[in-house]
Asker: 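The structure that follows is given in the form of structure tokens.
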Number of protein chains: 2
Amino acid sequence: MENVRNMFQIMSRNFGLLSEQCCDSCCGQEVSLVQSHILYEINRQHNPSMQDIAVALGMDITTFSRQVKTLTDKGFIKKSPHPSDQRITILSLTPEGLTVENAINLTVNTQLNGVLSTMSEFERETVLRSIQLFNDAMKRSATCCVPPK
Amino acid sequence: MENVRNMFQIMSRNFGLLSEQCCDSCCGQEVSLVQSHILYEINRQHNPSMQDIAVALGMDITTFSRQVKTLTDKGFIKKSPHPSDQRITILSLTPEGLTVENAINLTVNTQLNGVLSTMSEFERETVLRSIQLFNDAMKRSATCCVPPK
DNA sequence: ACTATATACTTGCATAATGCAAATAAATTT
DNA sequence: AAATTTATTTGCATTATGCAAGTATATAGT
């Protein structure tokens, strides 16, 4: 069994650092890295509930609840009642929140494309396809993240 | 410019969640995720100083200093003076620290190989090569993580 | 319909993590 | 030998975290 963790660890760390710097450079004090993840995920999902986002991000729901409060106070997300279930809160980005999310998105994409631009067209294609492939495999694998033996 | 951030964001998140669960399942309360990153990096580098590890992980040196204290108290890392410069502290894993690091490493590798096992041999090869390629490109790119424009 | 149970979210509280400013200590420069 | 730089630590205030308990709404069992 080869040590494949190394590669993922390094990649993940580098991407994390890149994201953090991007988040800083375009939003300054406005949003933290975890908050940017929340904006990202709310933007991705369709009419998500609090639970939906918290689970997707693997966050404790109580911590998440407080972050949502912070982001609501900052005017980046809006809480709406679910039409048929009063317990559920639906989350959405405000126009300001969307602006922030788009800014981060643009900044990260610019950085990533800069990195990718040092590769050949073929390599670039392969890398992107590979990541997609791996993400699909992650999703498929139900045994993922379960303690072994 | 295509949205390549999505793929990296998802991959990075999934790997983060996987790592966290692995860290939990083999070390329980012993070490947090960030602490596992510290052990990982100390194990990777050759006679690293505090600075070396903090910079590698993108951590604030003061936060790092405290985490090192915690890990030293837990008996997982050892601080030694630099032979010729008394300002510098050299970090190393204790036998117990190495045991923990190896346990996490094994657990993460097992999980990852589980995920990879759902692919064809060819795909697996391609994915691993691609990640290596991307990591190399990251390292090459000096403009990485600098605000655009 | 009525109680019991489950679900979604919030709040209390204690702890851990974070980072800036300042302190200490040991090189290095001038 | 004083001034400056480098490496690490500590003070302090802020933020983040998560368990336990609380509130409110929905669903199930009788």
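Chain letters run A, B, ... following the sequence lines, proteins first, then strands; residues in each count from 1. Everything numeric in this text was worked out from a predicted model, so none of it was measured.
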Asker: List, with names and distances, any nitrogen or oxygen atoms from the protein found under 3.5 Å away from nitrogen or oxygen atoms belonging to nucleotides 19-24 of chain D.
Answerer:
residue	atom	partner	partner atom	Å
D:dC19	N4	A:T62	OG1	3.1

Asker: Is a donor on one side and an acceptor on the other found under 3.5 Å between the side chain of A:S49 and the backbone of A:I90?
Answerer: no
Asker: Ignoring hydrogens and angles, tell me if any N or O in the side chain of B:S65 forms a donor-acceptor pair with the backbone of B:I61 under 3.5 Å.
Answerer: no
Asker: Contact list please: residues 31-56 of chain B against DNA chain D, heavy atoms, distance less than 4.0 Å, in numerical order.
Answerer: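 Of all residues in residues 31-56 of chain B, the ones placing a heavy atom under 4.0 Å from DNA chain D are B:S49, B:M50, B:Q51.
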Asker: Tell me whether the OP1 or OP2 atom of C:dC9 has a side-chain N or O from A:Q86 closer than 4.0 Å.
Answerer: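 Checking A:Q86 against C:dC9: no side-chain N or O falls below 4.0 Å of OP1 or OP2.
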Asker: For the pair made of NZ in A:K69 and P in D:dT17, what is the distance, rounded to whole Å?
Answerer: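 One finds 17 Å between P of D:dT17 and NZ of A:K69, rounded.
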Asker: Figure out the CG/P separation between A:L71 and C:dT10, and round it to whole Å.
Answerer: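 Going from CG in A:L71 over to P in C:dT10 covers 13 Å.
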Asker: In this structure, how many angstroms lie between the P atom of C:dC9 and the CD1 atom of A:I77, rounded?
Answerer: 12 Å
Asker: Rounded to whole angstrom units, what separation is found between the CZ atom of B:F64 and the C1' atom of C:dC20?
Answerer: 19 Å
Asker: Mind checking the CG-CD spacing from A:L116 to A:E121? Nearest 0.5 Å is all I need.
Answerer: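 So the gap between those two atoms works out to 10.5 Å.
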Asker: Whole-Å distance between D:dT14 P and A:Q67 CD?
Answerer: 17 Å
Asker: Given that A:E20 and A:I88 both sit by DNA chain C, which one's nearest nucleotide is further toward the 5' end?
Answerer: A:I88
Asker: Can you find a side chain N or O atom of B:K79 that sits less than 4.0 Å from OP1 or OP2 on D:dT9?
Answerer: yes
Asker: Please confirm whether the backbone N or O of A:T72 pairs with a side-chain atom of A:K79, one donor and one acceptor, at under 3.5 Å?
Answerer: no
Asker: With side chains defined as the heavy atoms from C-beta onward, is the minimum distance between B:D73 and B:T70 less than 4.5 Å?
Answerer: no
Asker: Quick one: do B:F134 and B:F8 satisfy ring-ring contact (aromatic ring centres under 6.0 Å, His included)? Show the steps, please.
Answerer: CA-CA 11 Å; B:F134 183 76; B:F8 283 92; 4.6 Å; yes
Asker: Look up atom CD1 in A:I131 and atom OG in B:S130, then write down how far apart they are to the nearest 0.5 Å.
Answerer: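 Here the interatomic distance stands at 7.5 Å.
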Asker: Using a cut-off of less than 4.0 Å, is there contact between a side-chain N or O of A:S65 and OP1 or OP2 of C:dT10?
Answerer: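 It does, given that an N or O in the side chain of A:S65 lies less than 4.0 Å from OP1 or OP2 of C:dT10.
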Asker: Take atom CD of B:Q29 and atom C1' of D:dG18, then tell me their distance rounded to the nearest Å.
Answerer: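 The answer, rounded to whole Å, is 11 Å.
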